[in-house]
Amino acid sequence: MCGLYRLVSPPEVVRERFGYVEEERFPPRPLIRPGEPVGIVRLEDDGARHFRLVLWGLAPHWMKEPPMGRRIINARAETVLERPAFRGAVRYRRCLVPADGFYEWTGPRGSKRAVLFTLPDARPFAMAGLWERWQAPDGGEIETMTIITVDANADVAPVHERMPALLRREHWQAWLDTREVPAQEAVRLLAPAPDGMLKGRSVGNPLKGAAREPRLL
DNA sequence: CCAGACGTTGTT
DNA sequence: GTCTGG
DNA sequence: CCAGACGTTGTT
DNA sequence: GTCTGG
């Protein structure tokens, strides 16, 4: 699955690769965790790509409580068209999640170890995501996101059964363009990465001693 | 009809 | 909001 | 995600 | 088992 990832590439590199016209500031982060603000790229009303910071953990608009606790950090590609929690988002609110590494865990509870998967050149790639906007009674808005998972490819399978859905660059626009590309068609782009594409490196427990980003709530 | 859930992962 | 279970 | 904690009182 | 803090 994908419950921890990384984006340490300089903002200029991410901007150049993803081609957004506007961005919210973000520092390079070796550990990006559920509940934290994370960067997504989405098409907005001007038809252009924008980089926005939203909270990791999907909170559909009909949730009663604000998304304080843990929410839905992953969505299975196989069920994303059917589940009430995802149906609206996969049709109207698809996004890219820039990353240059994701972690998968292995080992027994209490002594888990992580493997960091990257491209050989450590360049940023796009994970497939969905986002939501939650409206508070007082009018405040909170935006959230979730990362779509698929079966592990041969690189990841020794460590874990699932992995984030990575989108080929030539598919980025179709995934983002919810006006032109219907959900059923977009979901066909979600597949395990080609075998041999990713490089894995054992990193122990990267959470040990790590400081966390400030919460937004 | 109403009430309650609505998700994934991993673990038991 | 929409579906499922009772 | 994992690791580690997991209370009371008083009030609704 | 479930929540919180990192």
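Quantities reported herein were computed from a predicted structural model and do not represent experimental measurements. Throughout, protein chains are lettered first and strands after them, A, B, ... in sequence-line order, and every chain is numbered starting at 1.
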Requested in this report: Round to the nearest Å and state the distance from A:Arg109 atom CZ to B:dT9 atom P.
Outcome: 18 Å
Query raised in the report: A:Arg6 has an atom CZ; how far is it from atom C1' of D:dC1, in whole Å?
Result: 16 Å
Query raised in the report: By centroid distance (under 5.5 Å) and plane angle (under 30°), are A:Trp105 and D:dC1 in a stacked arrangement?
Result: no
Query - Integer angstrom distance from the C1' of E:dG5 to that of B:dG7 - result: 22 Å
Report task. Considering just the side-chain nitrogens and oxygens of A:Arg76, establish if one lies under 4.0 Å of OP1 or OP2 belonging to B:dG7. Result -> no
Query raised in the report: Closer than 4.0 Å, any side-chain N/O of A:Thr146 to the OP1 or OP2 of B:dT8?
Result: no
Report task. Using a 4.0 Å heavy-atom cut-off across all strands, classify A:Gly110 as base, sugar-phosphate, or nothing. Result -> sugar-phosphate
Query raised in the report: From B:dT8, C:dG1, D:dC1, pick the nucleotide closest to the side chain of A:Trp62?
Result: C:dG1
**Report entry** Distance in Å, A:Thr146 OG1 paired with A:Glu132 CD, rounded so as to fall on 0.5 Å steps
**Finding:** 10.0 Å
Query raised in the report: Within the structure, does a side-chain N or O atom of A:Arg87 lie under 4.0 Å from either OP1 or OP2 of C:dC3?
Result: yes
Report summary line: Rounded to whole Å, the CD-P distance (A:Glu132 to B:dG7) equals 12 Å
**Report entry** A:Trp56 CH2 to B:dT8 P, straight-line distance once rounded to whole Å
**Finding:** 15 Å
**Report entry** Per A:Asn205 side chain, nearest of listed nucleotides C:dC3, B:dT9, D:dA3
**Finding:** D:dA3
Query - Pairing partner (Watson-Crick or G-U wobble, both distances under 3.5 angstrom) of E:dT2 - result: D:dA5
Report task. Please state the P separation for the pair C:dT4 and B:dT8 - nearest whole angstrom. Result -> 15 Å
Report summary line: Here the distance between atom P of E:dG5 and atom CG of A:Leu31, to the nearest Å, is 19 Å
Query raised in the report: Is the distance from OP1 or OP2 of D:dA3 to the nearest side-chain N or O of A:Ser111 less than 4.0 Å?
Result: no
Query raised in the report: Roughly, in whole Å, what's the span from CZ in A:Arg33 to P in E:dT4?
Result: 16 Å
Query raised in the report: A:Ala85 side chain: which of D:dC2, D:dC1, B:dC6 is closest?
Result: B:dC6
Query - Lys NZ or Arg CZ of A:Arg42 over A:Trp131 ring: under 6.0 Å, within 45° - result: yes
Report task. Report yes if at least one side-chain N or O of A:Arg83 is closer than 4.0 Å to OP1 or OP2 of B:dT8; otherwise report no. Result -> yes
Requested in this report: Would you indicate what A:Tyr103 reaches in the nucleic acid, counting non-hydrogen atoms under 4.0 angstrom: base, sugar-phosphate, or nothing?
Outcome: nothing
Query raised in the report: In whole angstrom, what separates A:Asn74's CG from D:dC2's P?
Result: 11 Å
**Report entry** Parallel, tilted or perpendicular: ring planes of A:Phe51 versus A:Tyr20, cut at 30 and 60 degrees
**Finding:** tilted
Requested in this report: Report the distance from atom OH of A:Tyr92 to atom P of C:dT2, rounded to the nearest whole Å.
Outcome: 10 Å
Query raised in the report: Any luck finding a side-chain donor-acceptor pair between A:Arg93 and A:Thr178 under 3.5 Å?
Result: no
**Report entry** Heavy atoms from other residues, nucleotides or ligands near CD of A:Glu78 exceed 12 (cutoff 6.0 Å)
**Finding:** yes
Report task. Evaluate the ring pair (Phe, Tyr, Trp, His ring centres under 6.0 Å) criterion for residues A:Phe117 and A:Tyr103: first the C-alpha distance (whole Å), next the side-chain angles of each, then the deciding distance (0.1 Å), finally the verdict. Result -> CA-CA 6 Å; A:Phe117 290 94; A:Tyr103 299 85; 9.4 Å; no
Query - Distance below 4.0 Å between A:Lys208 side-chain N/O and D:dG4 OP1 or OP2 - result: no
Query raised in the report: Between B:dC2 and D:dT9, how far is it from one C1' atom to the other, in whole Å?
Result: 37 Å
